[in-house]
Amino acid sequence: MKFLLTAGAAVALMAALAACQTTKPGLVAAAESAIQVEKSGFSPSGAAGQNSIEISLLFGNGDAVDSWKVEVASSGTTQKTWTGKSDYLPASLTWDGKADSGSLAPEGTYTAKLSITYKEKYKPASAESRSFVLDVNPPTGSLTMDPRFFTPTDSGVAAPMTITVNASSPLAKMDSWSLDVLDPAGTLVKNFSGQWPDASASWDGSSVAGGFVTPGTTYQAVATVRDEYGNSAKLKADIAVAALPEKAPVQAVTPPPQKPGQPTVTATEPGFSPNGDKVADTLTLALGYGSPSAVTTWKVSVSQQGGDVQRTWSGDGSNLPSTIVWDGKSDSGSLAPEGTYTATIAATYSSAAPGSATSAPFVLDVTPPSGSITLSAPLFSPIESSDTISLKLDATSPTAKIDSWTMDIYDPGGNVFRTFSGKWPASSVTWNGRSAKGELVQSAEDYPVVATVRDQFGNTGTVKSVVPVDILVEKIATGYRILASRIFFKAFTADYKDVAPDLAAQNMKRLDDLAAKLKKFPGYRIRMVGHAVSIYWDSPARHAVEERDVLVPLSKARAEAVKSAMVDRGLDAARFTTDGVGSSDQLVPDSDYKDRWQNRRVALFLEK
């Protein structure tokens, strides 16, 4: 997403930054220049919309500019520089966090400085942005359990466990977290998620498939924590389940005796996925030798069904391992082909004929699951036509069964908006268009969907889609309120055409859709109200100047621009009235850098 400077805070910035202008005797001061960033920070490794920062520029007396330079610096050291001449005066620049050398710049607090020289009578000028954060290092932390382990009972556990996610980042606030509980085979047992500072989950020991934890077993908790700029990290801890107390002596089950000289080999799991994620990365083969004292030589080989031997181990009677761990690699050191395998043990004896045995088949799973997400409607209208939309996940794996999934729905700002999870074969969710906090989707925005699908051996694949939200119409006492979509304007202006090509195309489509929607209400007057975002919300004096001189006039101008676009598309100009209210009517606080994009909007009211 492209972030532009708030509703053209040019005039307020000019006044605030006048003291930053460089002067030289004999020259005339140019109109004030300005440079600003809207976000408080970013992370180059964050999600889309959080992995770069927009730097908005205003050139005083642009026609007279000779050259300009923008420097991004931390603690007096410049890391990134842009320069240009009068033939290129960009409204904004995008910084991806890389220094001029091409390497990632150090983590820290930065400012951006604009320096301008003029061809004619004007003095050189400079201006500096407010500070912002380059967030590089992922959060750190730990997981704590209370109680420290589960005490099992015949019907479950004696008490639930509170799992607390403790995490912090040196430069960023923590934002959200998700927590997967995995069994020893790496299969998802339970999933939780939340927003900071609510960072704990109560688990009663139950699984998504029904049933409870197994006594005498150790589970693993894996939390993914995210900071406000999109940096993430994984935190892991074991969750122990005590053994059930013995109620009566248990009769030991003695396995049938092996014939002398008859070895055995057993795969302890039905399969594994050696992909380096530390979940089911290896397979253990349990070995038996029949008559260990008589073994002279032994050999274990792993073969693909219908194919060649991929891995071998061998030894003599002085070395009889009880288990062998296979990491999925062949004797050459490369990863063995995906597929179904068996293990064979062959032994020779000093006092018996040679013997051999073959294990039951097991799976080497390499390819992650793939699939698609199907929506129940091409456009989601949670107010007008349907209160909900269904998202159906279809996924397959070439060698393994699908086990579980997690589905994250992101808002247009790149923040996790809602999370669902489930155990296969359950594979669909019904969404009411609201976040975990109860916030409704924004009108005419796209909400990206990212589903993480896990197969039975821990391989994960990603399936993506988008939920497009319709232009929403809400019935109110005086008629209807149209929750119009955002239009992207050129910084400091009401121009929605001279923007990046992808944004210009999006603007045209949204205006076409809006005109079509308004034509469905021919008997109504249309009132358009422009809204803006303040960057001086924490300074009453500056905010008052910004509101009066910048935000109100510009929000009015942008409402007029949308009105003109509607007239160009066939609506009667006499039906429209326009107004601009600046930042006086907020959906979220302007101090909320993550979500305040919602405040930048044009509201439309249909009135009789």
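Just the heavy atoms: all of them, side chains too, but no hydrogens, waters or symmetry mates, feed the values below. Given the structure is predicted, the values throughout are model-derived calculations rather than measurements. Residue numbers start at 1 and run along the sequence shown.
- For S142, the side chain to side chain contact (heavy atoms under 4.5 Å, CB included) partners at least two apart in sequence or on another chain are N166.
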Does N137 form a side chain to side chain donor-acceptor pair (under 3.5 Å) with E107? I'd like the steps, not just the answer.
CA-CA 7 Å; N137 293 316; E107 182 174 71; 2.9 Å; yes

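- Between D394 and K392, at least one side-chain nitrogen of the basic residue sits less than 4.0 Å from a carboxylate oxygen of the acidic one, meeting the salt-bridge criterion.
- Looking at S435, its side chain does come within 3.5 Å of a backbone N or O of E439 through a donor-acceptor pair.
- Between L391 and V449, some side-chain heavy-atom pair lies under the 4.5 Å cut-off.
- To the nearest 0.5 Å, atoms CD (E228) and CH2 (W196) are separated by 13.0 Å.
- In summary, the side chains of T342 and T358 do not present any donor paired with an acceptor at a separation below 3.5 Å, with no hydrogens or angles considered.
- Two residues are said to be in side-chain contact when any heavy atoms from C-beta on lie closer than 4.5 Å; V453 and V463 meet this criterion.
- Note: E269 CD to T284 OG1 = 8.0 Å, rounded to the nearest 0.5 Å.
- Side-chain contact between V157 and V213: present, with at least one pair of heavy atoms (C-beta onward) separated by less than 4.5 Å.
- Y410 is listed as a side-chain neighbour of V416, based on a closest heavy-atom distance under 4.5 Å.
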Could you go through V309 and R311, starting from their C-alpha distance and side-chain angles, then the distance that decides it, and tell me whether this counts as side chain to side chain contact (heavy atoms under 4.5 Å, CB included)?
CA-CA 6 Å; V309 172; R311 185 74 166 92; over 6 Å; no

If you apply the rule side chain to side chain contact (heavy atoms under 4.5 Å, CB included), what do you find for Y341 with Q310, and how did you get there?
CA-CA 10 Å; Y341 285 77; Q310 294 292 332; 3.7 Å; yes

Please assess Y447 against F417 for the test ring pair (Phe, Tyr, Trp, His ring centres under 6.0 Å), listing each intermediate value before the final yes or no.
CA-CA 9 Å; Y447 281 71; F417 193 69; 5.3 Å; yes

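- Side-chain atoms of T296 and T348 include a donor-acceptor pair closer than 3.5 Å.
- In this structure, the side chain of W298 engages the main chain of N319 through a donor-acceptor pair within 3.5 Å.
- The distance from atom OG1 of T312 to atom CG of D331, rounded to the nearest 0.5 Å, is 3.5 Å.
- Between the side chains of T77 and S75, not a single donor N or O lies within less than 3.5 Å of an accepting N or O.
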Decide yes or no on side chain to side chain contact (heavy atoms under 4.5 Å, CB included) for F362 and F457, but give the supporting numbers first.
CA-CA 11 Å; F362 55 89; F457 305 125; over 6 Å; no

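- Checking side-chain atoms of S330 against main-chain N and O of S334 turns up a donor-acceptor pair under 3.5 Å.
- Side-chain atoms of S421 and N191 form a donor-acceptor pair, as typed in the model, at a separation below 3.5 Å.
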Side chain to side chain donor-acceptor pair (under 3.5 Å), that's the test. Do N231 and S43 meet it? Break it down for me.
CA-CA 6 Å; N231 252 333; S43 169; 3.1 Å; yes

For W203 and F150, run ring pair (Phe, Tyr, Trp, His ring centres under 6.0 Å): C-alpha distance rounded to whole Å, both residues' side-chain angles, the deciding distance at 0.1 Å, then the answer.
CA-CA 10 Å; W203 183 31; F150 276 124; 5.1 Å; yes

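- Side-chain polar atoms of T282 and D327 form no donor-acceptor pair below 3.5 angstrom.
- Within 6.0 Å of atom CG in D502, more than 12 heavy atoms from other residues, nucleotides or ligands are found, so the atom counts as buried in its surroundings.
- Q79 places no side-chain N or O within donor-acceptor distance of the main-chain N or O of A99, the cut-off being under 3.5 Å.
- Here L171 contributes atom CG and D227 contributes atom CG; the two are 9.5 Å apart, rounded to the nearest 0.5 Å.
- Contact of the D408 side chain with the T406 side chain is registered, since non-hydrogen atoms from C-beta on lie closer than 4.5 Å.
- Between F420 and W405, a ring centre-to-centre spacing not shorter than 6.0 Å is recorded.
- With respect to R454 and D180, a salt bridge is recorded, a charged nitrogen being found less than 4.0 Å from a carboxylate O.
- Nearest heavy-atom pair across Y349 and Y289 is OH-O, 2.7 Å.
- Contact record, I324 with P321: CG1-CG, 4.5 Å, taken as the closest heavy-atom pair.
- Across every non-hydrogen atom of D365 and A400, the tightest pair is OD2-CB, 3.8 Å.
- One distance of note links CG of D183 with CG of L188; it measures 9.0 Å at 0.5 Å rounding.
- Residue Q262 holds its CD atom at 9.0 Å from OG of S291, rounded to the nearest 0.5 Å.
- Under the 3.5 Å distance criterion, the side-chain polar atoms of N459 are matched with a main-chain donor or acceptor of V366.
- Using a 4.5 Å heavy-atom cutoff, the side chains of D470 and F380 are not in contact.
- Of the N and O atoms on the side chains of T224 and K234, at least one donor lies less than 3.5 Å from an acceptor on the other residue.
- Donor-acceptor pairing under 3.5 Å is lacking for the side chains of D96 and S52.
- Within the 4.5 Å cutoff, side-chain heavy atoms of Q50 are placed close to those of N415.
- Checking side-chain atoms of W177 against main-chain N and O of D198 turns up a donor-acceptor pair under 3.5 Å.
- Under 4.0 Å is where a charged nitrogen must lie from a carboxylate oxygen, and between K423 and D403 at least one such pair does.
- In this structure, K80 is positioned above the aromatic face of W82, its NZ or CZ under 6.0 Å from the six-membered ring centre and within 45° of the axis.
- Contact between P147 and M161 at its shortest, heavy atoms only, is O-CE, 3.3 Å.
- In this structure, the side chain of W431 engages the main chain of R434 through a donor-acceptor pair within 3.5 Å.
- Proximity of a side-chain donor or acceptor of T214 to a complementary backbone N or O of T217 within less than 3.5 Å is not detected.
- The shortest side-chain heavy-atom distance between L182 and Y219 does not fall under the 4.5 Å cut-off.
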Test side chain to side chain contact (heavy atoms under 4.5 Å, CB included) applied to Y229 and V133, step by step
CA-CA 9 Å; Y229 304 130; V133 169; 3.9 Å; yes

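- Contact between P139 and S232 at its shortest, heavy atoms only, is CD-C, 3.9 Å.
- Across every non-hydrogen atom of P160 and S202, the tightest pair is CB-OG, 3.9 Å.
- Side-chain atoms of T340 and Q305 include no donor-acceptor pair closer than 3.5 Å.
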